[in-house]
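One structure below.
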There are 2 protein chains.
Amino acid sequence: MQTYTISELAAEFGITPRAIRFYEDEQLIKPTRQGQSRIYSPRDRARLVLILRGKRVGFSLDEIKEMLDLYDVRDGQATQLAYTVKKFSERINALEQQRADIEHSLEELRAARARLEVMLAEKQPHRMPANDEHGRLIGYAMNPGAHD
Amino acid sequence: MQTYTISELAAEFGITPRAIRFYEDEQLIKPTRQGQSRIYSPRDRARLVLILRGKRVGFSLDEIKEMLDLYDVRDGQATQLAYTVKKFSERINALEQQRADIEHSLEELRAARARLEVMLAEKQPHRMPANDEHGRLIGYAMNPGAHD
DNA sequence: CAGTGTCTTGACGTTTACGTCAACGGAAGT
DNA sequence: ACTTCCGTTGACGTAAACGTCAAGACACTG
């Protein structure tokens, strides 16, 4: 079966071996050993992918660990199924909120960029509105909607 | 004109006054003073909204400050317009990547939850596949795609 | 005018997620 | 046998983003 060394994974994902060992300290991955050295299976690699993606979307390592543990539900813990489902739903809601935040941010950034490009095209750095005291930036309403 | 106290804003956004003062220390907002106390304008409030949203989508305060400063472009800095546009584009790319990450995570969480709910419905915590060594979780392929 | 409440400025503590040595262990090449 | 590469385990350092007192400044209220 395919295996990986720690530096192989580190190079592949653009992180340091130190980080990977840290994830092990925090119980997020449990590679086997060959003597003293760590050996990573495809499953360990897959967990690393989930860890890094989780980080990119703003989860803490503790939260990611909880999610990975929830994936690891087995027969013995079957009584906790309802709790697990609830936790998953919470995560899903959080992510959907976050996606909405990102949509907002993207809208604003694109609109602001468009205006900047117009100014660039005009090549005339004359008077421009800049921002006023009513919560508008570069003439574009910030549209402060939901904030929780 | 409408104004706010620090604790009003803190309560409204579910954060502490300490955090708001911290944002001021870091030059993200610059409220006026009435004697000793801080007074926040609608524009300050709007900046707070952007700060908190930025945090939710994973930006650091330094990055958020940079973005706010970029919004604050004025005539004198018109020569930096091209740089500003570039920075905005970078942010947009980062956010689009992040949105894709979220879509992935949502897919996985929903699929996993669906399987858990089936198990709950069966009410029979007998044998289940759990996860194997090939990178599958609860019988559902993790589909580790792009990782940068 | 004592008390209560809300504000202020330090100053230090804390958590998260690693970075950065230091010192050592085996395998591999010469 | 000696060096050169990985790899390992501590141990300590660090940056970000506040939390947590402490001590004082005002405004009001009874």
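Lettering follows sequence order; numbering is per chain, from 1. These numbers were taken from a predicted model, which means no experiment stands behind them.
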Sidechain N-carboxylate O distance under 4.0 Å for B:Arg110, A:Glu96:
yes
Is the phosphate of C:dC7, meaning OP1 or OP2, less than 4.0 Å from a side-chain N or O of B:Ser7?
yes
Just to confirm, is there a sub-4.0 Å distance from OP1 or OP2 of D:dA16 to any side-chain nitrogen or oxygen of B:Lys55?
no
Can you tell me how far C1' of D:dG7 sits from CG of A:Leu9, to the nearest Å?
14 Å
Tell me the interatomic distance from B:Asp62, atom CG, to D:dC18, atom P, rounded to whole angstroms.
12 Å
With sequence neighbours left out, the residues meeting salt bridge (charged side-chain N to carboxylate O under 4.0 Å, His left out) with A:Glu26 are none
Output the rounded distance in Å from CD1 (B:Ile20) to P (C:dT6).
15 Å
Examine C:dA17: is either OP1 or OP2 under 4.0 Å from a nitrogen or oxygen in the side chain of A:Tyr23? Give yes or no.
no
Do the side chains of A:Ile29 and A:Leu68 get nearer than 4.5 Å, heavy atoms only?
no
Taking for B:Glu8 and for A:Thr16 the nucleotide of DNA chain C with the nearest heavy atom, the one nearer the 5' end belongs to B:Glu8
Starting from C1' on C:dG19, measure out to CG on A:Asp25 and report it in whole angstrom.
14 Å
For the pair A:Arg91 and B:Glu108, find out whether any cationic side-chain nitrogen is under 4.0 Å from an anionic carboxylate oxygen.
no
Do B:Leu52 and B:Arg56 touch side chain to side chain, with heavy atoms closer than 4.5 Å?
yes
Are A:Arg21 and A:Asp25 close enough for a salt bridge, meaning some N to O gap below 4.0 Å?
no
Answer whether the closest heavy-atom distance between the side chains of B:Gln97 and B:Asn93 falls below 4.5 Å.
no
Quick one: is B:Thr5 getting a side-chain N or O under 4.0 Å of the C:dC7 phosphate, OP1 or OP2?
yes
Measure CD1/A:Ile6 against P/D:dT9 and give the value in whole Å, please.
9 Å
Let me know the distance between CZ of A:Phe22 and P of D:dT9, rounded to the nearest Å.
15 Å
Write out a two-atom table: protein N or O, nucleotide N or O from nucleotides 9-15 of chain C, distance below 3.5 Å.
| residue | atom | partner | partner atom | Å |
| --- | --- | --- | --- | --- |
| C:dT9 | OP1 | B:Arg33 | NH1 | 3.2 |
| C:dT9 | OP1 | B:Arg33 | NH2 | 2.9 |
| C:dT9 | OP1 | B:Arg38 | NH2 | 3.4 |
| C:dT9 | OP2 | B:Arg38 | NH1 | 2.7 |
| C:dT9 | OP2 | B:Arg38 | NH2 | 2.5 |

CD1 of A:Ile29 versus C1' of C:dA17: gap in Å, rounded?
14 Å
A:Phe59 CZ to C:dA17 C1', in whole Å, measures 17 Å
